Amino acid sequence: MLNTFDKIRINNIYKMLLEMSEGRFSFQIERNDIDDEIEALVVLVNLMAQEIQQTLRYYSQLNSPESIFQFVQMIFILDSNFQIIYVNDDVMNHLIKDKKEFIGQSFIKILCDNSTHDWKRIADKLLINNYYQIKKKLHFQFDKDLTKEAICNITSIYHKENKNQFILVTSFQSKTQSQFIEDGLSLTSKILSRNTIQKKEKPNILKNEKDIKIIQKIHDYILQHLETPLPSLRILAHNFGTNEYKLKYGFKQLYNITVFKFLLDERLKKASLLIENTSLSMKRIAILTGFKSMPHFSKVFKQKFGRSPKAFRNMSGLH
């Protein structure tokens, strides 16, 4: 009698075979560490898909109009907290997701379990080296149970003037014309099925471009100094050539959040990204994100994410 976990694994094989029966061979079933007959079937199905895909590509190059290949270059740009700030169109088309599902997301969240350990080791090195580069095969989440793999170049880019680090993740591979059409139709259908949310109008506190630029500078200042105490609103406003009223209500108008709530959220966001993507100690992460004590850090982190920093790290390892 199969247990629930084995039934899921059998169902994954069934889904994979259905995809192959419809002519899609670029998927893989995510592996686990269990050594049994079901896992042996998973290995065989994955290998079969790869062999068929390579054979069909070779045959199409020789005998079919499908031999006209296009090329896919996926590009991800991450900030220093390993948060996705840019993806190109090929990422959306290849993984069949729209931009909203990537921007602001922790990079590790779009990877499969068998790639998270590799990514954490890379992230640890990226933290201590502004000019780090490596090539690594990563598996991206495509469906709940299926994955897509890509050999990625991961490069750290350091901006000397702004003292900011960015991380560039790129991959390059070929696709046939029909694959492009199929993926494009899937993405379009997915986007059209979503409901759009209307934005509410806000009172106009910021009446000119100068005021807006000042608030934006304060916003950027906060992001660049998360580890240091924030001055009072009066002093902060004075330092940037505005007044407390415009800072307090203008910031809320522009970003729909108060200054201090924004500061706390960004500190916690950075902390969660460091916990997910690195092996740094909790004490070190608390210091890097501006928390004066571990008890305070643990308390507000649990209030935000529903679990302690340690439990959050354990859960993130399991996706």
Side-chain angles (χ1 to χ4, degrees), residues 78-86 99-109 162 164 196-278 280 282-313 315-316:
L78 320 180
D79 63 16
S80 58
N81 298 323
F82 312 104
Q83 193 171 19
I84 300 171
I85 59 177
Y86 171 82
K99 186 172 291 187
K100 292 180 181 178
E101 296 178 81
F102 292 107
I103 302 302
Q105 181 74 279
S106 171
F107 186 71
I108 201 170
K109 289 291 189 182
N162 297 332
N164 287 334
T196 57
I197 300 173
Q198 299 294 330
K199 294 184 178 180
K200 297 181 179 179
E201 293 185 1
K202 303 172 184 177
N204 187 18
I205 304 298
L206 306 175
K207 296 183 178 180
N208 57 62
E209 188 175 349
K210 180 182 176 182
D211 289 335
I212 293 174
K213 287 184 176 180
I214 289 175
I215 298 301
Q216 289 173 337
K217 286 181 179 179
I218 294 174
H219 172 275
D220 294 344
Y221 171 84
I222 294 171
L223 287 178
Q224 294 168 10
H225 296 83
L226 293 177
E227 73 283 0
T228 60
L230 190 70
S232 68
L233 291 185
R234 183 178 61 83
I235 295 175
L236 186 61
H238 176 76
N239 289 343
F240 282 86
T242 188
N243 59 60
E244 184 177 352
Y245 177 85
K246 282 187 178 181
L247 172 55
K248 183 176 181 180
Y249 295 102
F251 196 96
K252 181 72 181 292
Q253 175 188 323
L254 198 58
Y255 298 107
N256 200 31
I257 191 172
T258 66
V259 173
F260 289 104
K261 181 67 165 60
F262 172 73
L263 173 64
L264 179 60
D265 282 358
E266 290 301 319
R267 283 175 169 173
L268 291 172
K269 182 191 295 183
K270 181 174 181 177
S272 69
L273 292 167
L274 290 174
I275 290 171
E276 284 180 344
N277 289 276
T278 76
L280 294 177
M282 296 303 169
K283 184 176 180 180
R284 180 61 180 160
I285 290 174
I287 293 172
L288 288 173
T289 51
F291 292 97
K292 295 181 179 179
S293 68
M294 273 301 299
H296 179 238
F297 171 55
S298 296
K299 179 181 178 180
V300 295
F301 191 94
K302 189 172 183 179
Q303 289 173 346
K304 174 73 173 179
F305 297 103
R307 56 178 63 93
S308 69
K310 184 177 180 180
F312 187 87
R313 171 167 278 171
M315 287 295 293
S316 66

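None of the values given here were measured: they were computed from a predicted structure. The chain is numbered in sequence order, starting from 1. Both backbone and side-chain heavy atoms feed into the values below; hydrogens, waters and symmetry mates do not.
- Of the possible polar contacts, one joining the Arg313 side chain to the Ile275 backbone as a donor-acceptor pair under 3.5 Å is found.
- Atom NE2 of His219 is separated from atom CD1 of Ile212 by 14.0 Å, given to the nearest 0.5 angstrom.
- Rounding to the nearest 0.5 Å places CD1 of Ile235 at 12.0 Å from CG of Leu247.
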Take Phe82 and Ile108, measure what side-chain contact (heavy atoms from CB on, under 4.5 Å) needs, and give me the verdict at the end.
-> CA-CA 8 Å; Phe82 312 104; Ile108 201 170; over 6 Å; no

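- Once rounded to the nearest 0.5 Å, the distance linking CG of Leu226 with NZ of Lys269 reads 10.0 Å.
- Note on residues 209-230: pairs passing salt bridge (Lys or Arg N to Asp or Glu O under 4.0 Å), not counting sequence neighbours, are Glu209-Lys213, Asp211-Lys246.
- Annotation: Tyr249, atom OH; neighbour count of heavy atoms from other residues, nucleotides and ligands within 6.0 Å does not exceed 12.
- Annotation: ring-ring contact (aromatic ring centres under 6.0 Å, His included) contacts of His296 (sequence neighbours excluded): Phe291.
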Step by step, would you call Phe102 with Tyr86 a ring pair (Phe, Tyr, Trp, His ring centres under 6.0 Å)?
-> CA-CA 8 Å; Phe102 292 107; Tyr86 171 82; over 10 Å; no

Check the pair Ser106, Gln83 against side-chain hydrogen bond (donor to acceptor under 3.5 Å, both in side chains), reporting the backbone distance first and the verdict last.
-> CA-CA 5 Å; Ser106 171; Gln83 193 171 19; over 6 Å; no

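- Within the 4.5 Å cutoff, the side chain of Ser272 has heavy atoms near those of the Phe305 side chain.
- Looking at Phe260 and Leu233, their side chains come closer than 4.5 Å, going by heavy atoms from C-beta outward.
- The shortest side-chain heavy-atom distance between Leu236 and Ile218 falls under the 4.5 Å cut-off.
- No side-chain heavy atom of Lys248 sits less than 4.5 Å from a side-chain heavy atom of Val259.
- Considering all non-hydrogen atoms of both residues, Met282 and Pro309 come closest at CE-O, 3.5 Å.
- Looking at residues two or more places apart in sequence or on another chain, you find a side-chain contact (heavy atoms from CB on, under 4.5 Å) between Leu288 and Leu274, Leu280, Arg284.
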Gln216 and Tyr255: side-chain contact (heavy atoms from CB on, under 4.5 Å), yes or no, with the steps?
-> CA-CA 9 Å; Gln216 289 173 337; Tyr255 298 107; 3.4 Å; yes

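- Within the 4.5 Å cutoff, no side-chain heavy atoms of Lys283 are placed close to those of Phe297.
- Residue Asp265 holds its CG atom at 15.0 Å from NZ of Lys270, rounded to the nearest 0.5 Å.
- Taking OG of Ser293 as the reference point, atom NZ of Lys299 lies at 10.0 Å (rounded to 0.5 Å).
- Remark: His225 NE2 is packed, more than 12 non-hydrogen atoms of other residues, nucleotides or ligands lying under 6.0 Å away.
- The structure places CZ of Phe262 at 5.0 Å from CZ of Phe251, a figure rounded to the nearest 0.5 Å.
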